[in-house]
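The residues of the chain are indexed from 1 along the displayed sequence.
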Amino acid sequence: MKVLVTGGAGYIGSHTCVELIEADYTPIVVDNLCNSSAKSLERVKEITGQDITFYQGDVCDEALLDAILSEHEVICAIHFAGLKAVGESVAMPLEYYRNNLLSTLTLCKVLGKHGVKKIVFSSSATVYSGDNEMPLRETSKTGNCTNPYGWTKYMGEQILRDIAKADGEWSVVNLRYFNPVGAHKSGLIGEHPNGIPNNLMPFISQTAIGKRHHLNVFGNDYPTHDGTGVRDYIHVVDLARGHVAAIKYLLSHTGEGVFNLGTGTGYSVLDMVKAFESANGVSVPYEIADRRPGDLATCYAEPAKSREVLGWQAQFDQNDMCRDSWNWQSKNPNGYDD
């Protein structure tokens, strides 16, 4: 059974390709490589022993998608492709709205044309309003997003929700990610940020390996147990397996479903630093810096719905996340550029 994976060469996409293959699905990848590397798919082949059918191109290209779906009989799509840097989205809102929304609209149009009315959407906890009580449930208030990236995920969910309402044949799963970290246990694939990372863990691992002099911890006066921000970190392999569970759900349900993919446990920035040092026997020097505008004190998931409906829950703990992140970083100091 073939699955179209947009953005499949990226961090989460490549790990999901591994899990799809291990679950007897065949990923068909389309990726423009603007923030990813084709080498990740070579590594996926090394891990799984399976060739990956890969098309380098843009998901906004309707003719390309039409050609792919004419050639391959896919059962559904997983839509990862999109620009994803929060800070960059503030500086380049037009590019983010154009790319992230047009790609979703184009993909759905072509899927519908070919009668493939099943899609898993890579959404985000950024769709939740900042004034919710914790933990965040799928019924928590959404909107009031703090940046264009978050709004594109919010609008993407709404587009898919409206499509499913208008046409009862559609099956849509919106997966709201929390904070993906870690890497495949082989150390062959992992997070390879172009330029300045957007997430905490690459900063920690790059500091540990000496690429950075120290880690900046933005704020130590939040109302948390140690004053630093608390987040729900989830191992990327757990996240990837959540997509496999979502596909199984898609195949037997219509309409729209929304699910949190998180662990339900919040760790502070300093918790993660200390865990990384302990798990790997390395030092991560840090300095306290000013808070960043828009950062919340605490953000973590209630993942009960995913457990009860999808039959999915996170299996990896904080130590696994830190160990596997360092295994990837230490084996690939410059990511896929090595």
Side-chain angles (χ1 to χ4, degrees), residues 1-14 16-17 20-21 25-42 44-45 50-85 88-89 92-123 148-149 151-153 155-167 169-175 194 243 246-247 250-251 256:
M1 294 184 289
K2 296 181 179 180
V3 176
L4 179 66
V5 185
T6 74
Y11 174 43
I12 303 170
S14 59
T16 300
C17 285
L20 286 170
I21 291 168
Y25 295 100
T26 301
I28 307 296
V29 173
V30 56
D31 196 308
N32 66 8
L33 304 181
C34 77
N35 193 33
S36 58
S37 171
K39 291 180 181 178
S40 68
L41 299 178
E42 296 172 11
V44 170
K45 178 182 178 181
Q50 299 292 319
D51 282 315
I52 300 289
T53 300
F54 170 53
Y55 296 87
Q56 183 175 347
D58 200 301
V59 183
C60 297
D61 184 343
E62 185 175 336
L64 172 64
L65 293 184
D66 189 52
I68 293 171
L69 289 176
S70 295
E71 184 172 349
H72 300 279
E73 188 173 333
V74 304
I75 60 168
C76 66
I78 302 177
H79 184 30
F80 292 113
L83 300 175
K84 64 175 186 176
E88 185 181 68
S89 78
M92 303 168 53
L94 188 61
E95 185 65 16
Y96 269 68
Y97 286 117
R98 188 203 68 81
N99 182 84
N100 290 5
L101 298 182
L102 182 58
S103 63
T104 302
L105 291 167
T106 304
L107 176 61
C108 289
K109 178 181 178 181
V110 178
L111 288 173
K113 174 184 175 181
H114 288 266
V116 185
K117 299 181 179 181
K118 299 183 186 300
I119 184 170
V120 178
F121 179 56
S122 169
S123 190
Y149 165 75
W151 279 116
T152 66
K153 292 300 185 182
M155 294 175 186
E157 283 195 16
Q158 190 62 49
I159 289 167
L160 293 168
R161 191 172 297 120
D162 288 340
I163 289 171
K165 285 180 181 178
D167 183 345
E169 293 182 356
W170 274 89
S171 181
V172 169
V173 172
N174 289 316
L175 295 180
N194 289 344
H243 292 77
I247 289 175
L250 278 181
L251 298 179
E256 184 246 1

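The side-chain heavy atoms of Thr106 and Val59, taken from C-beta on, include no pair separated by under 4.5 Å. Considering only heavy atoms from C-beta on, Thr104 stays 4.5 Å or farther from Met155 through its side chain. The shortest side-chain heavy-atom distance between Ile21 and Val44 falls under the 4.5 Å cut-off. You'll find the side chain of Tyr96 stays beyond 4.5 Å of the side chain of Trp151, heavy atoms only. The closest side-chain heavy-atom distance from His72 to Leu4 is not below 4.5 Å.
Shown are Asn100, Asn35, Thr152; of these, the side chain to side chain contact (heavy atoms under 4.5 Å, CB included) with Lys84 is made only by Asn35. Each of Val172, Leu175, Leu160, Leu107 was scored for a side chain to side chain contact (heavy atoms under 4.5 Å, CB included) with Phe121, with one residue passing: Leu160.
Across all non-hydrogen atoms, the minimal contact from Ile52 to Pro27 is CD1-CG, 3.8 Å. Residues Val110 and Glu62 share a closest heavy-atom pair of CG2-CG, 3.7 Å. Shortest non-hydrogen contact noted between Ile119 and Cys108 is CD1-SG, 4.3 Å. In terms of heavy-atom proximity, Ile247 sits nearest to Cys76 at CG1-SG, 3.9 Å. Between Phe54 and Ala38, the closest heavy-atom pair is CE2-CB, 4.2 Å. Residues Pro148 and Pro93 share a closest heavy-atom pair of CG-CB, 3.9 Å.
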Stepwise side chain to side chain contact (heavy atoms under 4.5 Å, CB included) test for Lys118 and Leu251: CA-CA 8 Å; Lys118 299 183 186 300; Leu251 298 179; 4.0 Å; yes
Glu95 and Arg98: CA distance, side-chain angles, deciding distance, salt bridge (charged side-chain N to carboxylate O under 4.0 Å, His left out) verdict: CA-CA 5 Å; Glu95 185 65 16; Arg98 188 203 68 81; 3.6 Å; yes
Step-by-step side chain to side chain contact (heavy atoms under 4.5 Å, CB included) determination, Ile163 to Lys117: CA-CA 10 Å; Ile163 289 171; Lys117 299 181 179 181; over 6 Å; no
Candidate pair Ser122 and Ile12, rule side chain to side chain contact (heavy atoms under 4.5 Å, CB included), full reasoning: CA-CA 10 Å; Ser122 169; Ile12 303 170; 5.6 Å; no
Check against side chain to side chain contact (heavy atoms under 4.5 Å, CB included), Leu20 and Ile78: CA-CA 11 Å; Leu20 286 170; Ile78 302 177; 4.2 Å; yes
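The neighbour count for Lys2 NZ, taken as heavy atoms of other residues, nucleotides or ligands under 6.0 Å away, is above 12.
The distance between the ring centers of His243 and Tyr25 does not fall below 6.0 angstrom.
With rounding to the nearest 0.5 angstrom, the NZ atom of Lys109 is 9.5 Å from the CG atom of Asp66. Distance check: Cys17 SG to Ile28 CD1 gives 9.5 Å after rounding to the nearest 0.5 Å. Interatomic distance, CE of Met92 versus CG of Leu83, reported as 7.0 Å (0.5 Å rounding). We find the CD1-CG distance between Ile159 and Leu101 to be 5.0 Å, quoted to the nearest 0.5 Å. Here the straight-line distance linking atom NZ of Lys113 with atom OG of Ser70 works out to 6.5 Å at 0.5 Å rounding.
Tyr55 contributes no side-chain N or O that, together with a main-chain N or O of Leu65, makes up a donor-acceptor pair within less than 3.5 Å. In terms of modelled atom types and a separation under 3.5 Å, the side chain of Thr6 and the main chain of Ala81 share a donor-acceptor contact.
No donor-acceptor contact under 3.5 angstrom links the side chains of Tyr149 and Glu88, judged on distance only.
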